[in-house]
S.K.: 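This is the structure I want to talk about, given as structure tokens.
Heavy atoms only: backbone and side chains are in, while hydrogens, waters and symmetry mates are out. Index from 1, following the sequence.
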Amino acid sequence: MADDGDNTTLAWLASPPGKGGIAIIILAGPDAEAIFGRIFKSAGRTGRENAGKENPTGSGLLLGEIFDGNDLIDQAVVCRPSENVVEVNIHGGPVVAARTLQLLAAGGAKVADHPPQNLAGALTQSYDEWRNPAIGGEMLAEINNAQSSHALACLCGQWSGGLSRLARQAISAMEGLAANSPTAGAGELAEKLEKAAAHLAKMRLLLKSPEVVLAGAPNSGKSTLANLLVGRPVSIVHHAPGTTRDWVRQQAVLDGVPIYLTDTAGIWDASDGTWSAVEKQAVRRAHERIAQADLVLLLHSADSPADAVQNALKADHCKNILRVRTKSDLHAPPAGCDLAVSAVTGTGIESLKKRSVAALGLANMNPAEPMAFTGRQANLLLRAAKSIRANRPDRARGYLAQLLEG
Ligand SMILES: Nc1nc2c(ncn2[C@@H]2O[C@H](COP(=O)(O)OP(=O)(O)OP(=O)(O)O)[C@@H](O)[C@H]2O)c(=O)[nH]1
Ligand SMILES: [Mg+2]
């Protein structure tokens, strides 16, 4: 089946690339059994009655271990769906899958980038416009990074619509055009491609889950707000200032956008040398998290002002700061304060989520809109746009075909 018309034995990763629970590797061809036999030690057919039996053969599932010499690589469940085909199920970390493929290659298998029938076939047989294997492969590689349904929609929309549809429309707009001839509506078309490329930074931020850090003076309500946004009591809350020492980082979803939210120790001016050694470390660790933030929510309340903290943040080179007045149920926010919340009554929390997403530049992302999510895609879109503007539809078509098909 997979011997490419000669006597080659192929090995390929049949599960999506990237992190996952299990990885499936298929070995197919005349030497499949021999190559696999060199790295696999069977522990017997699965099922109590077969445990410990030597070299069980035939159909059914085999449990065993994969070795590189004396080094144990992983446990594996193995089956033979047909003659000369071995299906190997191992744990899904990319390192284990890569090492297993390397071992099979060292044993004589040819490692293929994708199944012989090609990834497009694996994704769908149904619609021509869905045969975009390069974008589909990149989507599968990124899919585990999409940590909310909105992020998933923005990613998956590019394969079945968005980016793929735009590229197909652009190709058909240039169908049959000779080299050095202008494309109708060239400027508008090139702009659409450039716009799709410009979305790369946003898509990367969305897929990595931005780092949002809660900062403020002790007792300003950071931990209370962290617990509310995460949806469970992840940090200790107490009326005594200085409760949080080690920072606490958890996933949360703000208005559909997945983020990592970090609650930090309260920061205050200790120029009088009143910090204890532990407090000093806690504040240093808070600054470390703030320096890496995509957005800092700087909390302040009537009893915990922000000015000293804001000065302290300057050293962290933190540009994206949203000032949030807390405990609005206890003290009415001062005039001119445009973002006030109460973690007790919930007032202002929805507005805080929306403002945070906007401050991250991730508001109003429409999953149907064409958006590049890899550097390869953005690069090809920009090249295609440049070619269209230079009246080279032949080149532009080539770049766009490459975008879709690899
Ligand atoms: N009424 C009211 N009390 C709040 C609100 N937010 C926090 N508090 C109270 O303020 C006190 C301090 O809250 P924390 O969330 O522990 O404050 P923090 O900023 O994490 O404090 P440190 O960890 O010490 O820096 C607790 O008694 C909370 O119950 C709020 O919105 N309304
Ligand atoms: Mg705290």
Side-chain angles (χ1 to χ4, degrees), residues 1-123 133-134 136-145 208 374-376 406:
M1 112 188 216
D3 65 2
D4 262 0
D6 58 23
N7 284 331
T8 310
T9 295
L10 291 181
W12 69 90
L13 186 67
S15 46
K19 287 172 271 179
I22 61 160
I24 304 169
I25 290 174
I26 309 280
L27 189 61
D31 298 326
E33 289 293 347
I35 293 170
F36 189 61
R38 278 178 222 131
I39 65 166
F40 181 68
K41 286 191 187 135
S42 167
R45 192 95 55 88
T46 55
R48 257 171 230 272
E49 69 281 9
N50 293 304
K53 285 189 184 165
E54 285 297 312
N55 300 322
T57 54
S59 61
L61 299 176
L62 286 181
L63 183 65
E65 288 169 335
I66 292 179
F67 283 89
D68 179 359
N70 289 326
D71 286 352
L72 175 65
I73 303 300
D74 199 7
Q75 279 198 316
V77 173
V78 177
C79 66
R80 274 92 176 166
S82 59
E83 200 183 343
N84 290 339
V85 177
V86 182
E87 183 188 300
V88 188
N89 297 264
I90 52 178
H91 289 99
V95 175
V96 171
R99 271 198 80 179
T100 305
L101 283 167
Q102 275 167 13
L103 285 173
L104 295 173
K110 182 178 163 198
V111 175
D113 283 343
H114 47 67
Q117 289 83 4
N118 178 326
L119 200 54
L123 286 167
E138 286 166 323
M139 174 190 75
L140 291 177
E142 283 290 340
I143 214 156
N144 289 326
N145 294 327
K208 93 169 174 76
T374 67
R376 183 196 76 91

S.K.: Side chains of Val86 and Phe40, heavy atoms from C-beta outward: is any pair under 4.5 Å?
M.R.: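 With C-beta onward as the side chain, the pair stays apart.
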
S.K.: Tell me, do Thr100 and Asp74 make a side-chain contact under 4.5 Å, heavy atoms counted?
M.R.: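 They are not in contact (no side-chain heavy atoms under 4.5 Å apart), so the answer is no.
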
S.K.: Nearest 0.5 Å, what's the SG-CG distance between Cys79 and Asn89?
M.R.: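 So the SG of Cys79 and the CG of Asn89 are separated by 6.0 Å.
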
S.K.: I need the minimum non-hydrogen distance between Leu101 and Ala11, along with the two atoms involved.
M.R.: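 Residues Leu101 and Ala11, closest heavy atoms: CD2-CB, 4.1 Å.
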
S.K.: Looking at every heavy atom in both Ala112 and Trp12, which two are closest together, and how far apart are they?
M.R.: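 Looking at all heavy atoms of both residues, the shortest contact is O-CB, 3.7 Å.
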
S.K.: State, to 0.1 Å, how close Gln75 and His91 come at their nearest heavy-atom pair, and which atoms those are.
M.R.: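 Here Gln75 and His91 meet closest at O-ND1, 4.3 Å.
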
S.K.: Counting N and O atoms only, with roles assigned by atom type, does the side chain of Asp31 sit under 3.5 Å from a partner on the main chain of Thr9, one being a donor and the other an acceptor?
M.R.: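 No; judged by distance alone, with no hydrogens or angles, the pair does not exist.
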
S.K.: Suppose we screen for side-chain hydrogen bond (donor to acceptor under 3.5 Å, both in side chains). Which residues come up paired with Glu33, at least two apart in sequence or across chains?
M.R.: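 Testing Glu33 for side-chain hydrogen bond (donor to acceptor under 3.5 Å, both in side chains), a comparison that skips the adjacent residues, returns Arg80.
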
S.K.: Is there a side chain to side chain contact (heavy atoms under 4.5 Å, CB included) between Ile66 and Val88? Walk through the geometry before answering.
M.R.: CA-CA 10 Å; Ile66 292 179; Val88 188; 3.8 Å; yes

S.K.: Check Ile90 against Ala97 and note the closest heavy-atom contact, atom names and distance.
M.R.: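 Here Ile90 and Ala97 meet closest at CD1-CA, 3.9 Å.
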
S.K.: List for me each residue that meets side-chain contact (heavy atoms from CB on, under 4.5 Å) alongside Asp71, sequence neighbours excluded, and say none if there are none.
M.R.: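 Residues passing side-chain contact (heavy atoms from CB on, under 4.5 Å) with Asp71: Asp68, Arg99.
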
S.K.: Side chains of Val77 and Ile22, heavy atoms from C-beta outward: is any pair under 4.5 Å?
M.R.: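 Heavy-atom side-chain distance check fails, nothing below 4.5 Å.
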
S.K.: Which heavy atom of Leu27 sits nearest a heavy atom of Ala32, and at what distance?
M.R.: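 The pair with the smallest heavy-atom distance is CD2-O, 3.3 Å.
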
S.K.: Testing the basics here: between Gly108 and Ile35, what is the closest heavy-atom pair and its distance to 0.1 Å?
M.R.: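 Between these two residues, the closest heavy atoms are C-CD1, 3.8 Å.
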
S.K.: Could you list the residues that satisfy side-chain contact (heavy atoms from CB on, under 4.5 Å) with Lys208, not counting sequence neighbours?
M.R.: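 Per chain and number, Lys208 pairs via side-chain contact (heavy atoms from CB on, under 4.5 Å) with Leu205, Glu211, Asp294.
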
S.K.: Is any side-chain heavy atom of Phe67 closer than 4.5 Å to one of Leu72?
M.R.: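 They are in contact (side-chain heavy atoms under 4.5 Å apart), so the answer is yes.
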
